[in-house]
Amino acid sequence: MWPFSSPYPVVRLDELRAEYDYIVVGGGTAGCVLANRLSADPSTTVLLLERGPAEDSWASRIPLFSANFSQGSPLARKFESESQDVVGKPIDIYQGNGMGGTSRINHMFYTRGPPGQYDAWERDGATGWGSRSLLPYFVKSEKAEYAEPDPDAHGRKGEWINRENNNFFYSSFQQSVEACESLGLPSIPDLNDPTNVPVGWARVPVTRDSNGHRHSTFRAFLPPALAEARRNNLHICPHVTVERLCIEGEADDLVVRSVSVIPTNGNGNDGRRTVSVGVRREVILCAGAFGSPQILMLSGIGPAEHLKEHGIPVLKDLPVGNNLQDHFGVFVKYFVPLHDSLNRVSRQPLYFITEFFRYLLFGTGVLLCPVVQMAIFACTALLDNSGAPIRNEKPKADAVPDMEIMPIAFAQGRAEKDATRGGLSLLTVLLTPESKGTVRLANNDPRVAPKIDMNYLSSPSDRTRIRAALRLTTRIASRLRSQGYDLSEAEAPPLDASDDVLDKHIADQGCTTYHYASTCAMGSVVGVDLTVKGARNLRVADASAFPEVPATHLQAPAVVFAEKCADMIIKGGKRP
Ligand SMILES: Cc1cc2nc3c(=O)[nH]c(=O)nc-3n(C[C@H](O)[C@H](O)[C@H](O)COP(=O)(O)OP(=O)(O)OC[C@H]3O[C@@H](n4cnc5c(N)ncnc54)[C@H](O)[C@@H]3O)c2cc1C
């Protein structure tokens with residue numbers, strides 16, 4: 001129902017019950033799924049605790065506005081990383097802050113990831129996490145709203161809508177398709193069908209509903225009518241920060257008894273007003289790749305030496321916060337005609353007003369945020385020294401692409417400053433990094449961002465592969481130009497650039513792609529049932545639990561981790 005006719009049914013901190021069966025910490029991408037599934041049984045009580053707000057305004061659902069997270073949105077939280085050697089400065093990190101979490105501010109791409117990667121996880125010991133085991137969970141949550149989705153690969157009855165971008169909004173996308181095909185990178189007909197070889201170019205589906213609104217996991221899994229219907233057994237409490245878990249027992253038999261919560265925006269005495277809520281069965285952490293390890297460490301589960309430095313009694317020595325991964329990206333920027341670029345919006349106010357009314361009246365146009373509609377996936381091992389795909393080396397069905405190029409019909413920097421031209425960025429991304437960073441406590445305050453060191457390109461193989469990926473990118477740009485597309489270098493290395501020139505470009509244009517993962521990795525921190533090692537009733541089910549960062553965009557895998565976690569909890573019965 002939209003707009004809301006009555007306020008969203010939330011529960012205040014002072015209204016919480018003394019005890020719940022399940023407490024879900026973090027109402028983000030994964031947390032909304034878990035709260036939905038666990039509260040489906042009316043005899044089960046569930047509490048969902050979220051640091052940010054629950055309001056879901058009209059503007060926050062318009063794709064273009066809601067993806068503009070860096071302009072001080074209350075739904076986004078900004079951190080600064082430690083200085084990164086590769087770019088010589090800290091990088092800005094953003095995460096969602098509010099019900100729906102990062103699915104409220106992200107770019108809405110719905111991509112599941114290559115089946116070969118999940119199968120490799122299973123071979124490495126993650127029993128039950130192979131592609132065949134995960135497919136039913138992808139299908140369960142999905143409502144695929146396109147013409148004829150293959151029923152073996154897609155769901156049509158789930159809660160979470162995704163749809164294809166049928167027509168290309170900017171001509172650079174069609175030009176990129178032609179460039180790919182002439183270079184020997186074929187079409188992937190359906191990026192999310194596990195029977196397709198995941199190498200080539202593909203249209204990227206997005207989580208947007210038929211009204212042209214962002215379909216976050218908040219909208220999908222906890223819509224107002226459902227929250228209202230379940231208000232007796234599902235309590236949703238926004239604007240609170242989980243401080244720590246109160247845990248009893250010995251190192252290999254820990255039991256969480258309660259969760260300590262404080263108001264997020266409180267100050268002075270109010271800010272320290274701690275409420276303790278008891279848990280009968282389990283606590284599930286869904287506070288994201290920075291929040292979940294932070295809460296574990298504040299609760300005494302983490303690297304022993306680090307906890308001692310902060311005066312935190314060590315309950316369990318685990319490598320929490322290690323294994324931080326992200327997809328490192330490098331912008332390659334070109335000038336293109338202004339009319340073929342989102343940069344036009346800021347140059348021509350009249351154009352923006354026309355597009356605004358076009359969206360209001362017809363639900364189409366630039367406010368749908370059609371700046372990325374296709375992406376290119378390749379394996380650097382199958383490129384020659386010049387970056388061109390080797391024609392007689394075909395990837396296998398279980399290939400895991402290690403690079404992605406996203407043509408983005410927008411560019412910052414020089415392209416943004418030129419009033420007469422627009423920008424096109426070819427964002428070149430390393431999908432299977434070997435480099436690992438860390439998340440560590442800055443201090444003992446749960447509201448203070450932890451110290452984040454991404455450690456990008458610390459593995460020599462990562463640098464070699466990002467250079468190879470950039471060579472393919474410049475080759476694609478060269479094809480665009482030879483096809484007659486009006487493109488010239490803004491901030492881009494030339495074709496056949498040396499390693500030194502590429503390294504300088506990487507230092508200038510390296511960036512995060514916001515895919516933070518694996519800080520409570522399966523295998524080292526949680527087991528295959530997502531239970532924290534040594535704990536009886538504590539699981540982690542969000543992007544921090546991935547054994548490694550999936551070679552794709554992360555929201556669909558995060559939802560699948562939540563789906564499988566809920567299924568394991570429901571089938572497993574009572575704990576402890
Ligand atoms: C700008 C951006 C664009 C992206 N684009 C895409 C895309 O197009 N497609 C895609 O697949 N992926 C994309 N991603 C990545 C993807 O959205 C995230 O990896 C994924 O949504 C993370 O889900 P999560 O459940 O792990 O965490 P989140 O969704 O971040 O949820 C964590 C929640 O926990 C809350 N929380 C944290 N600490 C506490 C605490 N102590 N107490 C209470 N609550 C707490 C937070 O407020 C938040 O709501 C993007 C990410 C960003 C930042």
Who pairs with Tyr514 by ring-ring contact (aromatic ring centres under 6.0 Å, His included), at least two apart in sequence or on another chain?
->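 For Tyr514 the ring-ring contact (aromatic ring centres under 6.0 Å, His included) partners, ignoring immediate neighbours, are Phe69.
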What pairs with [X] under side-chain contact (heavy atoms from CB on, under 4.5 Å), at least two apart in sequence or on another chain?
| X | value |
| --- | --- |
| Asn233 | Ser39, Arg230 |
| Glu142 | Tyr110, Arg112, Ala144, Tyr146, His154, Asn162 |
| Gln509 | Val330, Phe331, Lys333, Glu491, His505 |
| Glu248 | Arg257 |

Could you list the residues that satisfy salt bridge (Lys or Arg N to Asp or Glu O under 4.0 Å) with [X], not counting sequence neighbours?
| X | result |
| --- | --- |
| Lys308 | Glu305 |
| Arg465 | Asp402, Asp462 |
| Asp317 | none |
| Arg214 | none |

#### Entry: side-chain hydrogen bond (donor to acceptor under 3.5 Å, both in side chains) contacts in which one or both residues fall within residues 117-131, not counting sequence neighbours
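Those involving residues 117-131 are Gln117-Glu548, Asp119-Ser131, Trp121-Glu548.
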According to the side-chain hydrogen bond (donor to acceptor under 3.5 Å, both in side chains) rule, which pairs have a member within residues 76-96, sequence neighbours left out?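 Of all non-adjacent pairs touching residues 76-96, those that pass side-chain hydrogen bond (donor to acceptor under 3.5 Å, both in side chains) are Gln84-Asp453.
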Can you list the steps and then say if Asp56 with Arg104 is a salt bridge (charged side-chain N to carboxylate O under 4.0 Å, His left out)? CA-CA 9 Å; Asp56 198 8; Arg104 292 284 292 282; 3.3 Å; yes
* For the ring pair Tyr8 and Phe218, is the centre-to-centre distance below 6.0 Å? ->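 So the answer is yes for these two rings.
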*Check for a donor-acceptor pair, side chain of Ser103 on one end and backbone N or O of Thr29 on the other, with a separation under 3.5 Å.*
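Such a contact is absent between Ser103 side chain and Thr29 backbone.
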Okay, side chain of Asp21, backbone of Thr45: is any donor-acceptor separation there less than 3.5 Å?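 Yes, Asp21 side chain to Thr45 backbone: donor-acceptor pair under 3.5 Å.
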| Check: Glu404/His553 side-chain N/O donor and acceptor closer than 3.5 Å |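 Yes, a side-chain donor-acceptor pair sits under 3.5 Å.
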query = What are the two closest non-hydrogen atoms of Leu307 and Gly302, and how far apart are they?
reply =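 Residues Leu307 and Gly302, closest heavy atoms: CD1-N, 3.6 Å.
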Should the heavy atoms of other residues, nucleotides or ligands under 6.0 Å from [atom1] of [X] be counted, would the total exceed 12?
| X | atom1 | value |
| --- | --- | --- |
| Lys451 | NZ | no |
| Lys143 | NZ | no |
| Glu250 | CD | no |

Checklist line | Pairs flagged by ring pair (Phe, Tyr, Trp, His ring centres under 6.0 Å) wherever residues 234-264 is involved - sequence neighbours left out | finding: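 Counting only pairs at least two positions apart or across chains, the ring pair (Phe, Tyr, Trp, His ring centres under 6.0 Å) contacts touching residues 234-264 are Tyr20-His235.
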pair Leu530-Met568: side-chain heavy atoms closer than 4.5 Å:
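A side-chain contact under 4.5 Å exists here.
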